[in-house]
J.: 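Just passing along the structure, written as structure tokens.
Because the structure is predicted, anything quoted here is derived from the model rather than measured.
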Amino acid sequence: MGATGDEMDVTGVGWQPANTGAGVDWSGVRERVTALRESPFTEKVFGARQQGFGHDFVLQPPLSEADLAEAEEELGVALPTDYRNFLVEVGAGGAGPFYGPFPLRCDGQGWHWLDDTVRSDNSLLGRPFPAADQRARWSADLDAREPVSDDFPDEQSYLAAYRVWNEEWERLHDEMTAGAIRLSHEGCGYYTWLVVTGPEHGTLWTDLRACDGPIEPLAGTGRDRVSFGEWYLGWLAQADREAHGR
């Protein structure tokens with residue numbers, strides 16, 4: 001299990017502003033990440049080498065432009081420019097903030113992101129990412145419809161109604177992050193999401209629902225939104241300092 005929100009900065013291990021969007025310069029980034037494997041204090045970088053588990057500063061091979069065009073067509077979304085360029089110039093996933101970006105890959109079942117052995121469910125990817133007030137309304141409405149045992153003639157009928165209600169909660173849980181990619185595991189069931197549809201396209205969000213927390217913007221110093229490029233390059237600068245004891 002990784003660190004909780006109290007044990008580390010959920011914005012990406014000391015995030016600081018960096019370049020954004022299409023202007024991100026990815027040249028040399030792959031080589032910088034790989035070189036960190038030989039640094040003297042790699043154990044200080046969260047997510048790299050924790051109890052035999054971690055990304056170990058290993059990046060997946062980059063995707064080709066043809067691969068990426070095929071993936072976007074199949075998934076039905078346009079990936080944010082800085083993330084798209086990362087996939088082509090740096091790697092399809094691997095080393096990065098927390099336990100690193102999940103790799104984007106293709107097999108006999110199509111393109112997907114892989115969280116260990118769990119394939120991403122992309123069925124909601126083309127829907128707009130819901131606004132915070134919309135998520136709040138959905139939750140409040142479903143909470144108000146929770147079955148109450150006193151309203152049923154027997155336990156069996158109550159449990160049947162509760163199962164139906166709970167299945168609706170599970171569907172709603174997925175709909176809360178429609179239009180976003182589950183990009184990285186932060187530890188303890190917390191996740192980072194990258195929005196690919198709607199007004200928040202290209203922004204990162206942290207999912208704290210594992211501890212009954214919110215889904216909220218992954219904010220950086222002096223900003224209320226963070227892009228993939230800021231997130232990744234901010235991590236690389238911090239990892240370089242930590243791995244060299246600076």
Side-chain angles (χ1 to χ4, degrees), residues 5 9-13 15 17-24 26 63 68-69 71-88 90-93 96-105 111-115 118-139 171-187 189-210 213-235:
D9 179 356
V10 296
T11 62
V13 196
W15 179 90
N19 294 325
T20 62
V24 174
W26 294 112
L63 300 177
L68 203 48
E72 288 182 311
E73 182 176 2
E74 180 180 308
L75 296 167
V77 296
L79 298 175
T81 302
D82 51 358
Y83 178 55
R84 194 181 195 281
N85 291 343
F86 173 87
L87 294 171
V88 172
V90 181
F98 304 108
Y99 291 102
F102 297 138
L104 174 60
R105 57 181 58 181
W111 286 94
H112 61 280
W113 287 266
L114 190 65
D115 174 0
V118 180
R119 295 168 54 94
S120 60
D121 177 2
N122 303 318
S123 60
L124 301 176
L125 205 54
R127 289 174 46 177
F129 183 71
D133 59 347
Q134 187 176 21
R135 290 195 298 270
R137 286 196 302 272
W138 288 346
S139 296
R171 289 193 296 271
L172 180 59
H173 183 277
D174 293 339
E175 291 173 359
M176 294 286 193
T177 51
I181 300 162
R182 192 167 74 172
L183 188 65
S184 176
H185 186 208
E186 300 177 5
Y190 303 163
Y191 287 92
T192 301
W193 293 77
L194 173 62
V195 179
V196 295
T197 59
E200 296 287 356
H201 182 272
T203 63
L204 288 171
W205 293 64
T206 187
D207 183 353
L208 306 176
R209 289 178 293 176
I215 300 170
E216 61 187 16
L218 194 66
T221 305
R223 300 173 63 89
D224 62 357
R225 295 291 188 273
V226 175
S227 69
F228 178 86
E230 292 173 314
W231 179 71
Y232 197 91
L233 293 180
W235 165 79

J.: Under a 3.5 Å cutoff, is there a donor and acceptor pairing between the side chains of E186 and T206?
T.: yes

J.: Which residue pairs pass the side chain to side chain donor-acceptor pair (under 3.5 Å) test when at least one of the two sits in residues 194-203, sequence neighbours left out?
T.: E200-T203, E200-R225, T203-W205

J.: What I want to check is whether the side chains of D207 and W193 have a donor and an acceptor closer together than 3.5 Å.
T.: yes

J.: Going by heavy atoms in the side chains, are T81 and V24 under 4.5 Å from each other?
T.: no

J.: Taking it one step at a time, do Y191 and T177 satisfy side-chain contact (heavy atoms from CB on, under 4.5 Å)?
T.: CA-CA 11 Å; Y191 287 92; T177 51; over 6 Å; no

J.: Rounded to the nearest 0.5 Å, what's the gap from CG on D115 to CZ on R182? Could you check?
T.: 4.5 Å

J.: Would you say that W113 contacts P103 through its side chain, given a criterion of any heavy-atom pair below 4.5 Å between the two side chains?
T.: no

J.: Mind checking salt bridge (charged side-chain N to carboxylate O under 4.0 Å, His left out) for D121 and listing every partner two or more places apart, or none if nothing turns up?
T.: none

J.: Shortest non-hydrogen contact from G96 to P101?
T.: CA-CD, 3.8 Å

J.: Side-chain atoms of residues 71-79: list all donor-acceptor pairs with protein atoms under 3.5 Å, sequence neighbours left out, distances to 0.1 Å.
T.:
unit_1: E72; atom_1: OE1; unit_2: R84; atom_2: NE; d: 3.0
unit_1: E72; atom_1: OE1; unit_2: R84; atom_2: NH2; d: 3.2
unit_1: E72; atom_1: OE2; unit_2: L79; atom_2: N; d: 2.9
unit_1: E72; atom_1: OE2; unit_2: R84; atom_2: NE; d: 3.3
unit_1: E74; atom_1: OE2; unit_2: W111; atom_2: N; d: 2.7

J.: Side-chain donor-acceptor pairs under 3.5 Å in residues 126-139, sequence neighbours left out?
T.:
unit_1: R135; atom_1: NH1; unit_2: P130; atom_2: O; d: 2.7
unit_1: R135; atom_1: NH2; unit_2: I215; atom_2: O; d: 3.2
unit_1: S139; atom_1: OG; unit_2: R135; atom_2: O; d: 3.2

J.: Is there a side-chain contact between L208 and P214, using heavy atoms and a 4.5 Å cut-off?
T.: yes

J.: Rounded at 0.5 Å granularity, tell me how far NE2 in H173 sits from CZ in R209.
T.: 3.5 Å

J.: With side chains defined as the heavy atoms from C-beta onward, is the minimum distance between L194 and P80 less than 4.5 Å?
T.: yes

J.: Taking only residues two or more places apart in sequence or in another chain, which ones pass side chain to side chain donor-acceptor pair (under 3.5 Å) with S120?
T.: N122

J.: Quick one: pull up CZ in F228 and OH in Y83 and give me the separation to the nearest 0.5 Å.
T.: 6.5 Å

J.: As an exercise, state the distance from OG of S184 to OH of Y190, rounded to the nearest 0.5 Å.
T.: 14.5 Å

J.: Find out whether Y232 and D82 are in side-chain contact, i.e. whether some heavy atom of one side chain is under 4.5 Å from a heavy atom of the other.
T.: no

J.: Kindly determine whether L114 and F102 satisfy side-chain contact (heavy atoms from CB on, under 4.5 Å), including the steps that lead there.
T.: CA-CA 6 Å; L114 190 65; F102 297 138; 5.8 Å; no

